[in-house]
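Model, not experiment: these values are computed from the prediction. Excluded from the calculations below are hydrogen atoms, water molecules and symmetry mates; all remaining heavy atoms, backbone and side chain alike, are included. All residue numbers refer to positions in the sequence shown, counting from 1.
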Amino acid sequence: MGASPVSPGAPDASALLSVRGLDGGHGPIQVLADISFDVREGEVMAIIGANGAGKTTLLRILSGLIQPMRGSIRFAGREIAGSSSDEIVGLGLCQAPEGRRLFSGLTVEENLRLGSFRRRDKSRRVVADALDQVFAYFPRLAERRGQLAGTMSGGEQQMCAIGRALMAGPRLLAIDELSLGLAPVIVEELVAILYDIHEAGTTVLLVEQDVSVALGVADRALVMQSGKIVLQSSPDELLADDAIIKSYLGG
């Protein structure tokens, strides 16, 4: 069975994240129209599309950074549309944003510890254990824990941004443009670490312009175009269809 138009119907009661009929944008400018999809607990879902498709706007709405115009967003059985970003992080939906957005004048460890501010259990032991886990995933960050974040390479900053999101104890980790501006060897390293994070039990929503990166790691994929989700499929089916790649992904 090949890629198919999206028709998700009723929300999946077993899904960790369910989005239905979502419209949104920036101020009065609508970017997203009637977005509906589910993310199952324990999977890696990729959302792919050309630049300007609306992927980052979608993540910012899911994270509470932009309020939706219309629609439902349910996370872990709770409606979060209209909730603040602090509340959403506290529930376990955490984002590593496009552009990393680190505090360049703070150290690596200070940036990471800021990620634990909204986790439900932020006792000293829990935060210390979370920090140790981040350093286990990213040994380079452990080596640079006292270095100012703004003086690190782009790849190291991306590691720090993902690590900061992990410090919040996510059930779902959303990553916006994992590979942006990074050398292929660094991207390969980050993808390998992402596998480890997923294997440890974290659901992943990967929003990515680089099709080969996204489909190489995902269990399922959605294709966005002009603010809409136009296709859903397995990565293998998408990669095998040259017409889809050319029509929707600019390949």
Side-chain angles (χ1 to χ4, degrees), residues 11 15-27 29-41 43-49 52-103 111-120 122 130 134 157-180 194 197-198 202-209 214 218 222 224 227 229:
L16 180 59
L17 175 69
S18 288
V19 178
R20 289 295 180 277
L22 186 67
D23 295 347
H26 306 281
I29 302 173
Q30 184 171 347
V31 176
L32 306 180
D34 199 24
I35 298 289
S36 297
F37 66 95
D38 295 312
V39 179
R40 303 163 188 154
E41 188 148 25
E43 75 174 341
V44 178
M45 167 73 84
I47 299 181
I48 58 179
K55 305 184 301 300
T56 292
T57 299
L58 173 58
L59 266 200
R60 289 176 65 82
I61 291 174
L62 296 180
S63 300
L65 299 171
I66 299 175
Q67 295 302 305
M69 296 174 174
R70 182 183 71 88
S72 170
I73 306 169
R74 294 190 66 81
F75 180 72
R78 174 172 169 174
E79 180 62 49
I80 62 169
S83 297
S84 71
S85 58
D86 287 349
E87 291 172 319
I88 291 170
V89 170
L91 291 172
L93 198 168
C94 308
Q95 181 185 166
E98 181 183 12
R100 294 111 199 190
R101 299 187 181 276
L102 301 176
F103 293 94
N111 270 276
L112 293 174
R113 286 185 177 277
L114 284 173
S116 67
F117 184 67
R118 285 298 176 185
R119 67 180 297 150
R120 288 188 171 181
K122 48 188 174 185
V134 169
Q157 290 187 31
Q158 183 67 292
M159 293 175 188
C160 193
I162 296 171
R164 182 178 59 187
L166 291 173
M167 289 292 295
R171 291 184 65 182
L172 189 154
L173 173 63
I175 302 177
D176 193 0
E177 301 294 0
L178 176 78
S179 67
L180 186 66
L194 188 61
I197 293 168
H198 174 245
T202 303
T203 303
V204 177
L205 179 60
L206 179 62
V207 172
E208 178 66 46
Q209 187 174 348
L222 302 174
M224 286 191 71
I229 293 178

Looking only at heavy atoms, what is the nearest atom pair of [X] and [Y], with distance?
| X | Y | result |
| --- | --- | --- |
| Asn111 | Cys160 | CB-SG, 4.0 Å |
| Leu91 | Phe75 | O-CE2, 3.4 Å |
| Ile35 | Val19 | O-CG1, 3.5 Å |
| Val31 | Gly54 | CG1-CA, 4.1 Å |

Heavy atoms, side chains only, cut-off 4.5 Å: are [X] and [Y] in contact?
| X | Y | answer |
| --- | --- | --- |
| Ile229 | Asp34 | no |
| Ile175 | Leu59 | no |
| Leu206 | Met45 | no |

**Prompt:** Taking Arg60 as the fixed residue, which of Thr56, Thr57, Leu62 is the one that meets the side-chain contact (heavy atoms from CB on, under 4.5 Å) rule?
**Reply:**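 Option passing the side-chain contact (heavy atoms from CB on, under 4.5 Å) with Arg60: Thr56.
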**Asked** Picking from Leu222, Val207, Ile66, Leu22, what satisfies side-chain contact (heavy atoms from CB on, under 4.5 Å) with Leu58?
**Response** Leu22
Without swapping roles, check the side chain of [X] against the backbone of [Y] for a donor-acceptor pair under 3.5 Å.
| X | Y | answer |
| --- | --- | --- |
| Asp38 | Ala15 | no |
| Arg20 | Phe37 | yes |
| Gln67 | Met69 | no |
| Glu79 | Ala81 | yes |
| Asp23 | Arg70 | no |
| Ser116 | Arg113 | yes |

**With sequence neighbours excluded, residues passing side chain to side chain contact (heavy atoms under 4.5 Å, CB included) with Ala53** =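 Applying side chain to side chain contact (heavy atoms under 4.5 Å, CB included) to Ala53 gives Lys55, Met224.
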**Request:** List for me each residue that meets side chain to side chain contact (heavy atoms under 4.5 Å, CB included) alongside Leu180, sequence neighbours excluded, and say none if there are none.
**Result:**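 Applying side chain to side chain contact (heavy atoms under 4.5 Å, CB included) to Leu180 gives Glu98, Glu177.
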Without placing hydrogens or testing angles, list every side-chain donor-acceptor pair under 3.5 Å for residues 162-173, not counting sequence neighbours.
unit_1, atom_1, unit_2, atom_2, d
Arg164, NH1, Arg101, O, 3.0
Arg164, NH2, Arg100, O, 2.9
Arg164, NH2, Arg101, O, 3.2
Arg171, NH2, Glu41, OE1, 3.1
Arg171, NH2, Glu41, OE2, 3.0

Gap separating the [atom1] atom of [X] from the [atom2] atom of [Y], nearest 0.5 angstrom:
| X | Y | atom1 | atom2 | value |
| --- | --- | --- | --- | --- |
| Ile48 | Glu208 | CD1 | CD | 9.5 Å |
| Asp86 | Ser63 | CG | OG | 11.5 Å |
| Ile80 | Ile88 | CD1 | CD1 | 4.0 Å |
| Leu65 | Ser84 | CG | OG | 10.0 Å |
| Ser83 | Arg78 | OG | CZ | 6.0 Å |

**Request:** Verify the distance criterion only: is there a donor paired with an acceptor across the side chains of Glu43 and Thr203 at less than 3.5 Å?
**Result:** no
